Amino acid sequence: WTNFAYQGDDNPTHNHAGFLSGVIYYKNHTHPTLFDDYRVGYEGKDGTMVMFPASVLHHVEPQHQNKERITLAFNIVETGVKSNGMPQES
């Protein structure tokens, strides 16, 4: 999915379902994604991507610049696999 953010917008602390989550930074203006569980942030240079365990809590603080921020986010969800890692039968 695509996220568009403008001056004053934020993204409150949350996590995701699935196995892995990621963000591709298209127009970010060094506005960081903060990973609460690790107490670290990533500035999100334009044209870069970050991937992290979907369960990790993260957020984006209110944007102060009067510029459009565009990111693309995704989740990788395992299907067809039992909790023990074995393939499910059809």
Side-chain angles (χ1 to χ4, degrees):
W1 63 93
T2 305
N3 296 300
F4 296 91
Y6 303 93
Q7 189 171 23
D9 291 347
D10 70 339
N11 198 340
T13 299
H14 65 284
N15 61 7
H16 297 270
F19 176 64
L20 284 174
S21 293
V23 180
I24 299 170
Y25 298 90
Y26 180 69
K27 277 190 194 177
N28 190 49
H29 318 291
T30 66
H31 194 75
T33 300
L34 304 172
F35 297 93
D36 305 60
D37 289 352
Y38 301 127
R39 296 183 185 188
V40 68
Y42 176 63
E43 69 179 299
K45 291 182 181 177
D46 291 354
T48 64
M49 176 178 70
V50 64
M51 293 178 69
F52 50 93
S55 61
V56 170
L57 292 172
H58 58 286
H59 71 279
V60 178
E61 293 186 342
Q63 182 169 304
H64 299 292
Q65 295 185 33
N66 190 19
K67 296 180 179 179
E68 182 179 56
R69 177 181 191 255
I70 303 173
T71 59
L72 293 88
F74 60 91
N75 296 321
I76 297 174
V77 179
E78 291 182 276
T79 59
V81 177
K82 295 180 183 179
S83 61
N84 65 3
M86 299 300 295
Q88 291 182 352
E89 296 178 22
S90 300

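Quantities reported herein were computed from a predicted structural model and do not represent experimental measurements. Here, residue 1 is the first one in the sequence, and each next residue gets the next number.
Separating the CG atom in D36 from the NE2 atom in H14 is a distance of 10.0 Å, to the nearest 0.5 Å. A distance of 8.0 Å separates CG of N15 from OG of S21, quoted to the nearest 0.5 Å. Atom-to-atom distance recorded for N66:CG and H64:NE2 is 13.0 Å, nearest 0.5 angstrom. K67 contributes atom NZ, which lies 14.5 Å from atom OH of Y6 (distance to the nearest 0.5 angstrom). Here the CD1 atom belonging to I24 is positioned 12.5 Å from the CG atom belonging to D46, to the nearest 0.5 angstrom.
At distances below 3.5 Å, at least one donor-acceptor pair connects side-chain atoms of N28 with backbone N or O atoms of G44.
Following chains of ILVMFWY side-chain contacts shorter than 4.5 Å, one can reach F4 starting from M49, so the two form part of one hydrophobic cluster. Residue V23 is not grouped with residue W1 when hydrophobic side chains (ILVMFWY) are merged at heavy-atom distances under 4.5 angstrom, including chains of intermediate members. Using a 4.5 Å cut-off between side-chain heavy atoms of Ile, Leu, Val, Met, Phe, Trp and Tyr, with links allowed through other members, L72 and M51 fall into the same hydrophobic cluster. Taken together through direct or relayed side-chain contacts under 4.5 Å among Ile, Leu, Val, Met, Phe, Trp and Tyr, V56 and V50 form part of one hydrophobic cluster. Tracing side-chain contacts under 4.5 Å through hydrophobic residues (I, L, V, M, F, W, Y), one reaches L20 starting from F74; they form part of the same cluster.
Side-chain contact between L34 and H59 is present, with heavy atoms from C-beta onward closer than 4.5 Å.
In this structure, Y42 has its ring center closer than 6.0 angstrom to the ring center of Y25. You'll find the ring centres of H16 and H58 inside the 6.0 Å limit.
Evaluated for a side-chain contact (heavy atoms from CB on, under 4.5 Å) with R69, the options N3, D9, V60, N11 yield exactly one hit, V60.
In this structure, A54 and G18 approach most closely via the heavy-atom pair CB-O, 3.5 Å. Summarising the geometry of P53 relative to Y38, their closest heavy-atom pair is CG-OH, 4.0 Å, with the distance given to 0.1 Å.
Other residues, nucleotides and ligands contribute at most 12 non-hydrogen atoms within 6.0 Å of the CZ atom of F19.
Of the N and O atoms on the side chains of T2 and Y26, not one donor lies less than 3.5 Å from an acceptor on the other residue.
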